[in-house]
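Here's the structure, in C-alpha cells; my notes come after.
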Amino acid sequence: MNEVIIAALCGAIEQALRTLRESGQLKSQSVAPIYLESPRTEAHGDLSSNVAMRLSREEGRPPQQIAAEIVESLPADSPANRFYEKVEVAPPGFINFFLSRESLVLLLHGMLQDSDDFGRRDVGQGKRANVEFVSANPTGPLTVGHGRQAIIGDVLSNVLSFCGYAVTREYYFNDAGNQMRILGESVRARYLESLGETVAFPEQGYQGDYIREIAESLYKENGDSLRNAPTERFQKAAEKVISEEINRTLERMGVRFDNYFNEYSLYASGKIDEVIKKFKELGHAYEKDGALWFKASQFGREEDRVIVKSGGEPTYRLPDICYHVDKIQRGYDLIVDIFGADHHATYPDVLAGVRALGYDTDRIHVLIHQFVTLKRGGEKVKMSTRRATFVTVDDLLDEIAKGLRAELTQAYGENSPQTEPTVLERMARDAVRFFYNMRRMGSHLDFDLDLATKRNMENPAYYVQYAHARICSIFRVFYEQTGGPEIDFAAVPVETLRLLTEEKEASLIKNLGRFPRLVEEIAEKFEGHRLNEYLLQLATAFQSYYNEHRVIGDDLDLTLARLSLVRAIQTVLRNGLSLLGVSAPEKM
RNA sequence: GCGCCCGUAGCUCAGUCGGAUAGAGCAACGGAUUUCUAAUCCGUGGGCCGCAGGUUCGAGUCCUGCCGGGCGCGCCA
C-alpha cells in the first residue's frame, strides 16, 4: 500500500493517542510503535492496527474499549480522512480502516505517473552491493544445485539494483588448490588410458565422462606427445575447457558476472601474508603441532581452527577470511554470500576470522540455500560431482527444450517459428529461472523434470507470461480499432479513473499498490521467491477480471479508465518478470 | 554424539514485526466460450499446521524437549 496513505493513517492514530493522553483517558506514556498491516480477509478492511491490543496490558483495560476510544478521538480535520471511508473496531481489538474509492484512484494515478519506473525504489541509492554466488571451481560442469544458486543470486542482484544499489555480481574461484590438482591427475590418467597404458586412477579422482572427453581431445590434438607431460599440463587444459563450459551454461541461464575473483590473486598481492602477520600481531593465532591456529574459540566458535597447515600451506579458511576483508576494503555497503547447505558449517569460522581482524561483519549476509532434488519419472535422481551420476544445468535446459520442441511441433508443425531453436532456448531458460526461484531458500527444491517438460505446460512461468501477452493483445486490438496515437497514460485525468467502480478493479489497484513495498522487502530480507508468488497471484487476479469485464467497450471514457488499469498491471508484470530475468512476450 | 535447515491438504509449496475463519497450484469432481488469446475463468470436496509442554490478550510463526527427513562435523574446499 502506498506510503503516503499509511503515513497519514498512522499519523491520525498517533494524534488520537495524544488526545487521549492529554485528557487522561490513557495512562501509559510509552509510545507504542504503530503498525498498519493488510488483513488477510477483505471483511477486515484494507489496513489494520493492533495498537489497542498492545496497550491493553499496560492500561489494564480490554483492548476493544481502548480501540473504541482511539477511533472516537481520530482527528476530524486530518488529511488522512479522505483516504478511508470507514473505520471499525473489531474483536479482539483491531482498528480496521476501509480505503475510500478516492484513495484507490489516487493510487492508480500515482502509478501511471511513475510509468515504466513503477516499483523502483531508492533505499539503496548511493550504496554499493557485492553479491557472490555460484563460485564453483572449474572441476566440472555446473550441476542443478549450482543452477539454483545462480538464479537466486542473479534475481537478488536484479532486485537490489532495482532498489538503487550499484551491484557487483562476483564469482570467486580457485584454480590452484588441491581439487584442481586431482582434476589434472584424473585427466592425465584417462589420457594415458587412451594410449593403452594401465594406470591407477586417482583415489578421489573425478569420474565423469567429461574427463574422458577432455583426455580424448588432448589425444587427438597431441597424439602421445604428452605421455611424460607434467600433471599441470593436463590441469590447465581441463580448466580451460571446463571454465568455458561453465560460462556457456551461465550464459544459457542468462546469468552474467561483473567480476571473477581468483583466490590466487590474494597470494600474489601479498594479502595472505599480511593477514597472517596481523593474526599473529593481534595475538589471535598461535602455533601448535607445526600448524598455525586461529583462536576462533575467543570469537564465539566452539574450537580453534587451523589456518596454516604444518606443511606451510593455508587451509581454505585463511584465503576466505582474506577475501572477505578484501570485499570490505573495496567499500561495499552490503555484502551477500550465497552458499549451498553443505557450506553452512564453514562460514561462521570465516566471519569470526574477519571480526578477529577488527572488521565489523554486520554488513555481510550469508545466505544458505537447501539442495535441489531432481525428479524424473517420479524417481529422485542422485547427484554427485565426482561420480558420474550428476545431472548438469545443461542437461536440464536440454531436456526442457527437447520436451517443449515435441510439444510445439505437435501444435504448430515442424519448422514453425514456434519451434526455432532460439525460441525453445529462451522458453527453457524462462522456465528454469522461474522454477529455481519459486521456493524460499530454506526449503528443498523439488524440481520435477516431467512437469517442466511435459505437454500440459502448467508451468507457472507461462501463466504469468500469458497474462502479459494478453494485455499486449488488448492494446493491439484497441489501437487497431481506433488507429489513433499511443495513449499517454500519465495524462489520463483523475475523473476518468473514477469510473473504475468494480470490486475487482478496486482489489487489482490494491494489489498493484503492494508491489513497491514488496520489492523493498525482498531486498531487505533476501526472499526472492516472494516475487514469483506475487506475480502469480497478480496474474490470476487479472485473468479473473479479464474474464468478467471487457476492457474495450462502447463507452470511450470507461475504456480509457480500464486501459489505464490494465497498463499498470502490464507494467508490474513486465517489471516483475524482468527482475526474474524471465522474458515478457507480447504475443504467445 | 554435536551443529545448521526442514516437517502445513493426496502431491508440490505459500503463510507478510506473533494477529482475526490457515491459503495457492496440481490431482479429484461439477460448470462457463457467438468474447479484447480457452495456454483462460467459476464452483465443490479435502487440514490433531510432526508430537508434547511453555511464553501471552493471541502461536503455523517465539522458547524447551522429543520424533522423522536433509546437510555438515578434517591440518579437503
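We name chains A, B, ... by the order of the sequence lines, and we start the count at 1 in each one.
A:Tyr35 places a side-chain heavy atom less than 4.5 Å from the side chain of A:Arg54. The shortest side-chain heavy-atom distance between A:Phe97 and A:Ile13 falls under the 4.5 Å cut-off.
Rounded to an integer number of Å, the gap from CZ of A:Phe434 to C1' of B:A14 is 13 Å. Per the geometry, CD belonging to A:Glu37 stands 10 Å off C1' belonging to B:G18, to the nearest Å. To the nearest angstrom, C1' of B:G3 lies 11 Å from CD of A:Glu303. Rounded to an integer number of Å, the gap from A:Met441 CE to B:G70 P is 23 Å. Look at CG on A:Leu535: it is 16 Å from P on B:A14, rounded to the nearest Å. The separation between A:Leu538 atom CG and B:A14 atom P is 20 Å, rounded to whole Å. Across the protein-nucleic acid pair, A:Glu521 atom CD and B:C17 atom P stand 8 Å apart, rounded to whole Å. Protein atom CG of A:Asn174 is 8 Å distant from nucleotide atom C1' of B:A77, rounded to whole Å.
When the side-chain nitrogen and oxygen atoms of A:Thr315 are compared with OP1 and OP2 of B:A77, none of them lie within a distance under 4.0 Å. An OP1 or OP2 oxygen of B:G15 is reached within less than 4.0 angstrom by a side-chain nitrogen or oxygen of A:His529. Considering only side-chain N and O atoms, A:Arg40 lies under 4.0 angstrom from the phosphate OP1 or OP2 of B:A20. Between B:C76 and A:Lys309, a contact under 4.0 Å exists linking OP1 or OP2 to a side-chain N or O.
A salt bridge does not link A:Lys327 with A:Glu170: none of the charged nitrogens is closer than 4.0 Å to a carboxylate oxygen. Using a cut-off of 4.0 Å between Lys/Arg side-chain N and Asp/Glu carboxylate O, A:Glu524 and A:Arg121 are scored as not salt-bridged. The pair A:Glu533-A:Arg530 fails the salt-bridge criterion, with no side-chain N (NZ, NE, NH1 or NH2) lying under 4.0 Å from an Asp/Glu carboxylate O.
Residue-to-nucleotide contacts include no donor-acceptor pair under 3.5 Å from the side chain of A:Asn532 to the base of B:A14. Side-chain atoms of A:Asp342 stay outside donor-acceptor range of the base of B:G72, with no qualifying N/O pair under 3.5 Å. At a cut-off of 3.5 angstrom, the base of B:G3 holds at least one donor-acceptor pair with the side chain of A:His344.
Contacts of A:Ala467 with the nucleic acid, taken as non-hydrogen atoms under 4.0 Å apart, are absent. Among the atoms of the strands shown, none is found under 4.0 Å from any heavy atom of A:Asp320. Among the heavy atoms of the strands lying under 4.0 Å from A:Tyr466 is at least one base atom, whether or not backbone atoms are also near. As judged by a 4.0 angstrom heavy-atom cut-off over every strand, A:Pro62 is placed among residues making no nucleic acid contact. Residue contacts for A:Ser48: at a heavy-atom cut-off of 4.0 Å it reaches a base atom on one of the strands shown. Residue A:Asn178 is classed as a sugar-phosphate contact, given heavy-atom separations below 4.0 Å to backbone atoms only.
Aromatic ring orientation, A:Tyr534 versus A:Phe515: parallel (interplanar angle below 30°, classes split at 30° and 60°). Between A:Tyr479 and A:Phe475, the ring-plane angle classifies as parallel under the 30° and 60° cut-offs. Between A:His284 and A:Phe299, the two ring planes are perpendicular [angle over 60°; tilted spans 30° to 60°].
Applying the ring-ring contact (aromatic ring centres under 6.0 Å, His included) test between A:Tyr323 and each of A:Tyr264, A:Phe261, A:Tyr267 identifies A:Phe261 as the sole match. Here the rule is side-chain contact (heavy atoms from CB on, under 4.5 Å) with A:Leu351, and of A:Val366, A:Asp337, A:Ile321 only A:Val366 fits it.
With A:Tyr545 as the aromatic partner, A:Lys504 does not meet the cation-pi criteria of under 6.0 angstrom to the ring centre and within 45 degrees of the ring axis.
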- Going 5' to 3' along nucleotides 6-11 of chain B, which nucleotides have protein heavy atoms under 4.0 Å from the base (write B), which only from the sugar-phosphate (write S), and which from neither (write -)? SS----

- Taking protein heavy atoms under 4.0 Å as touching, what does nucleotides 30-36 of chain B look like 5' to 3' if B marks base contact, S marks sugar-phosphate-only contact and - marks none? -----BB

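Of the possible donor and acceptor atoms, none in the side chain of A:Arg305 sits under 3.5 Å from a partner among the backbone N and O of A:Ala296. Judged by distance alone, with hydrogens and angles left aside, the side-chain atoms of A:Thr373 form no donor-acceptor pair with the main-chain N or O of A:Phe447 at under 3.5 Å.
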- Represent RNA chain B in dot-bracket notation, 5' to 3'. Only Watson-Crick or G-U wobble pairs with both distances under 3.5 Å count; pseudoknot-style crossings use [ ] and interstrand partners use |. (((((((..((((.....[...)))).(((((.......))))).....(((((..]....))))))))))))....

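Each of A:Ala345 and A:Lys587 was assigned the nucleotide of RNA chain B with the nearest heavy atom; the assignment lying further toward the 5' end belongs to A:Lys587. Along RNA chain B, the nucleotide nearest to A:Lys525 and the one nearest to A:Val308 differ in position, and the one closer to the 5' end is contacted by A:Lys525.
Considering only side-chain atoms of A:His343, the nucleotide from B:A39, B:C41, B:A77 that sits closest is B:A77. The listed nucleotides are B:C17, B:C75, B:A77; the one nearest the side chain of A:Arg54 is B:C17.
For the 3.5 Å distance criterion, the side chains of A:Asp304 and A:Tyr286 qualify, holding a donor opposite an acceptor.
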